[in-house]
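Data first, discussion second: the structure below is written as structure tokens.
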Amino acid sequence: MNNKLLIYQVFTRLYGNRNETRKQWGAYTENGSGKFNDFDRTTLKHIKDMGFSHIWFTGVLRHATQTDYSEYGIPRQHPAVVKGKAGSPYAICDYYDVDPDLAVNVDKRMEEFESLVSRAHKLGLKVIIDFVPNHVARQYKSIAKPEGVKDLGRDDNVSDGFNPHNNFYYCPGEHFDPYFDLRYGPSGAEHCDSANLQPYKEYPAKSTGNDRFTSSPHADDWYETVKLNYGVDYWTRIGHFNPIPDTWNKMTDILLFWASKGIDGFRCDMAEMVPTAFWSWAIDKVKYLHEGIIFVGEVYDPNQYRNYLNAGFDYLYDKVGMYDTMRSVICKSGSAAYITKAWQATDDIKDHMLYFLENHDEQRVASDFFAASARKGIPGLVASVLMQSNPFMLYAGEEYGEKGMDAEGFSGLDGRTTIFDYWSIGSLCRAANGTLTQEEQEIYDIHQKVLNIARKEKAIDGEFYDLMYVNPSSEHFDHDHHYAFLRKKDNSTLLIVCNFNDNDAEVSVNIPQHAIDFLNIKEKKYNTTDLLTGEKMQMTVKGDQSVTMTIAANSARVWKLATAEPRKKKTEE
């Protein structure tokens, strides 16, 4: 087993939900919700056996919802500032609490979460949760904060638009007046459980999470959230970090609270909207007290990558580089040769870039808005998982070719799986009850093989050698649709060739003398096995010579080289 991180992202509310009612705009009582307890030992072991080292439970912290939990002492949220019936998991209304939707016994919801963490650890799985540092729900109010902790905004001077000691930004003298009905929000009265509501009131208005410093956000803004103040005056673009802003202390205490519960890592939402000075200060404190904990940052600006890594992040999303490139190759709108340019752009920080093909923000590969076929994503999967030693993340359902083609409610028909609505995922339900289609089973089998190659093959911990520069486009190699590379460590060597074309191909891959010398590969005849199909082939590897193979459409070859045994002479009877 090597050290490669493989992260399985689950949207916790959806993952274990087997209710197949799937009523559009359905309430909790109609469509149901998955629970922490759905991740029993069998389920967690299945995830572990797929090859994953970490599981990211998305949507754990208590967030704004239209479901009424007031009988448990949980404040109700006004539906005008809640997206969907279930609400956005990134509109946090209590950093010290967990989502009651996820508990069998709401009063014991934290204990149920803690038991889940314990179960995962016993099976060798590490646990990641979201940390949402940039914004909170408009009606944030903690009922679970430890004794002595002051709520966000409690001591703010609301007459100041910006004050480095405030937790929020304000629009002094202005009422919250967005461009939608303040009784029901953009979704309208027909999707609200409560009739004849009084309009939502907020005075003075707070600035909105997506840096809208106005009292009138639009329906496509993050209107349900409030921007947190880390001491940056956005009117002058000057940071006021001495003395340490109050928000820094409060948010660091929240990180330490969850780290003390045995969390192994934080996926930090929109990390680049929070100053690096805070991250340097906070991450250092958390890692000092909790050795080994990791921080994964959602950072989209490549010009900022190194700044956030220097601030203490272990891994960053490689979205605008590798993800966007791989998507274009899968969709036949970009050349496979661009994959080389994508990894070269971050070569100096390659071990810190997190690759993925799906997550809760992106469209499903099999959706009509992406590739319209899970099979077309297979070569992209193989390349993304096996080409480097950095982490890879897979979104639950992706391993079955989930299409995400449901119009669930607030989340319309867009090729994404909803994060705002009560719903269940068809492919996950079929996997649980043993009714996967043949194609879904085949897609799953391929995913499991690729993930286990990544975790078990020694070469994936070793050197990476891109073969594209010596394989220009020719009748034997199509650099727009073929991608080839080597992986090598000690005596373990893999030759990996991906075919993004919709047709089977016979491909000749040149292996240069430099690769032979750099990787210390012996020039000889090898018995090779394709780790994806089990097919065997003899292959002669010599510098500046080609090896030829057939590759099925939208597939790949992962050849493992083994020294050919001398043939035994036939003895006469």
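- Looking at residues two or more places apart in sequence or on another chain, you find a side-chain hydrogen bond (donor to acceptor under 3.5 Å, both in side chains) between Q304 and N307.
- The pair K319-D324 meets the salt-bridge criterion, since a charged nitrogen lies less than 4.0 angstrom from a carboxylate oxygen.
- Remark: the K250 side chain and the N167 side chain contain an N/O donor-acceptor pair separated by less than 3.5 Å.
- Considering E358, E398, E399 in turn, E358 is the only one that fulfils the salt bridge (Lys or Arg N to Asp or Glu O under 4.0 Å) rule with R364.
- For the salt bridge (Lys or Arg N to Asp or Glu O under 4.0 Å) criterion with E114, the lone passing option out of K108, R109, K261 is K261.
- T43 and D40 share a side-chain donor-acceptor pair at under 3.5 Å.
- No more than 12 heavy atoms of other residues, nucleotides or ligands sit less than 6.0 Å from atom NZ of K126.
- When all heavy atoms of S88 and E224 are compared, the pair lying nearest together is CB-OE2, 3.8 Å.
- Looking at every heavy atom in both residues, A282 comes nearest to T252 through CB-OG1, 3.4 Å.
- By the 30° and 60° cut-offs, the orientation of the rings of H175 relative to Y203 is tilted.
- S33 and D101 share no side-chain donor-acceptor pair at under 3.5 Å.
- Counting only heavy atoms from C-beta outward, the side chains of T214 and S207 never approach each other to under 4.5 Å.
- In this model, a donor atom of one side chain and an acceptor atom of the other lie less than 3.5 Å apart for Q9 and T58.
- Between R267 and D130, at least one side-chain N (NZ, or NE/NH1/NH2) sits under 4.0 Å from a carboxylate O, which counts as a salt bridge.
- Here S367 contributes atom OG and E362 contributes atom CD; the two are 11.0 Å apart, rounded to the nearest 0.5 Å.
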Is there a side-chain hydrogen bond (donor to acceptor under 3.5 Å, both in side chains) between S427 and E402? Walk through the geometry before answering.
CA-CA 6 Å; S427 60; E402 171 61 35; 2.7 Å; yes

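- Nearest heavy-atom pair across T65 and K85 is OG1-O, 3.3 Å.
- Counting heavy atoms from C-beta on, the side chains of Y315 and M353 never come closer than 4.5 Å.
- Using a 30° and 60° split on the angle between ring planes, H240 and F162 fall in the tilted class, from 30° to 60°.
- Without hydrogens or angle criteria, D94 side chain to A144 main chain gives a donor-acceptor distance under 3.5 Å.
- Ring geometry, W279 versus F295: the interplanar angle exceeds 60°, so the pair is classed perpendicular (tilted spans 30 to 60°).
- Partners of N210 by side-chain hydrogen bond (donor to acceptor under 3.5 Å, both in side chains), not counting sequence neighbours, listed by chain and number: D221.
- Aromatic ring pairs are classed by plane angle as parallel below 30°, tilted from 30° to 60° and perpendicular above 60°; the pair F180 and F176 is perpendicular.
- When all heavy atoms of R13 and G87 are compared, the closest pair comes out as NH2-O, 3.1 Å.
- Side chains of Q139 and H78: no donor on one and acceptor on the other come within 3.5 Å.
- The main-chain N or O of N31 is never found under 3.5 Å from a side-chain atom of K23 such that the two would form a donor-acceptor pair.
- One finds no salt bridge joining K145 and D253 here, because no Lys/Arg side-chain nitrogen approaches an Asp/Glu carboxylate oxygen to under 4.0 Å.
- No side-chain donor from either of D156 and N163 sits under 3.5 Å from a side-chain acceptor of the other.
- Side-chain contact between P146 and F257 is present, with heavy atoms from C-beta onward closer than 4.5 Å.
- Of the charged side-chain nitrogens involved, none lies within less than 4.0 Å of a carboxylate oxygen, so that R416 and D361 do not count as a salt-bridged pair.
- In this structure, E298 CD and F131 CZ are separated by 13.5 Å, a value rounded to the nearest 0.5 Å.
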Using the rule given for ring pair (Phe, Tyr, Trp, His ring centres under 6.0 Å), can you reason through F113 versus F36, listing the C-alpha separation, both sets of side-chain angles and the distance that settles it, and then say yes or no?
CA-CA 6 Å; F113 173 70; F36 292 132; 5.4 Å; yes

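- Put simply, the residue from Y317, W56, Y8 that forms a ring pair (Phe, Tyr, Trp, His ring centres under 6.0 Å) with F356 is Y317.
- Between the side chains of H165 and N229, no donor-acceptor pair of N or O atoms lies under 3.5 Å.
- Ring geometry for W281 versus W248: interplanar angle of 30 to 60°, hence tilted.
- Side-chain contact check for W423 and N17: no donor-acceptor pair (N or O, by modelled atom type) lies under 3.5 Å.
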Audit row: D99, R62, salt bridge (charged side-chain N to carboxylate O under 4.0 Å, His left out) steps and yes/no
CA-CA 4 Å; D99 181 7; R62 185 161 70 80; over 6 Å; no

What verdict does the salt bridge (charged side-chain N to carboxylate O under 4.0 Å, His left out) test give for D155 and K150, after you've listed the backbone C-alpha separation in whole Å, the side-chain angles of each residue and the deciding distance to 0.1 Å?
CA-CA 8 Å; D155 294 334; K150 290 185 178 181; 3.0 Å; yes

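- Between C429 and S424, some side-chain heavy-atom pair lies under the 4.5 Å cut-off.
- Put simply, the side chain of Q388 never gets that close to the backbone of K350: no donor and acceptor are under 3.5 Å apart.
- When atom types are taken as modelled, the side chain of R212 and the backbone of S216 share a donor-acceptor pair closer than 3.5 angstrom.
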Is there a ring pair (Phe, Tyr, Trp, His ring centres under 6.0 Å) between H63 and Y95? Walk through the geometry before answering.
CA-CA 9 Å; H63 57 267; Y95 280 115; over 10 Å; no

Does the ring pair (Phe, Tyr, Trp, His ring centres under 6.0 Å) test come out yes or no for Y15 and F57, once each step is laid out?
CA-CA 10 Å; Y15 184 86; F57 292 103; 8.7 Å; no

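- If you take NZ on K206 and CD on E174, they are separated by 13.5 Å, rounding to the nearest 0.5 Å.
- Between R138 and T225, the side chains place no donor N or O within less than 3.5 Å of an acceptor N or O (distance only, hydrogens not considered).
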Run the ring pair (Phe, Tyr, Trp, His ring centres under 6.0 Å) test on W235 and F213 for me, step by step, so that the C-alpha distance in whole Å, both residues' side-chain angles and the decisive distance to 0.1 Å come before the verdict.
CA-CA 9 Å; W235 287 265; F213 299 97; 5.2 Å; yes

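- Partner of L6 under the side chain to side chain contact (heavy atoms under 4.5 Å, CB included) criterion, chosen from L451, I55, N452: L451.
- The two atoms that bring L14 and T418 nearest to each other are CD1-O, 3.3 Å, heavy atoms only.
- Evaluation of the ring-ring contact (aromatic ring centres under 6.0 Å, His included) rule for Y28 yields Y422 as partners, not counting sequence neighbours.
- Within the 3.5 Å criterion, the main-chain N or O of E30 finds a donor-acceptor partner in the side chain of N19.
- Here the side chains of L102 and E112 are not in contact, with every heavy-atom distance at 4.5 Å or above.
- Between F313 and H352 there is no side-chain heavy-atom pair separated by less than 4.5 Å.
- Across N134 and K227, no two heavy atoms sit closer than the pair OD1-NZ, 2.6 Å.
- Ring-plane geometry between Y169 and Y234 is classed as perpendicular, the angle between the planes exceeding 60 degrees on a 0 to 90 degree scale with a lower cut at 30.
- Donor-acceptor pairing under 3.5 Å is lacking for the side chains of Y69 and E71.
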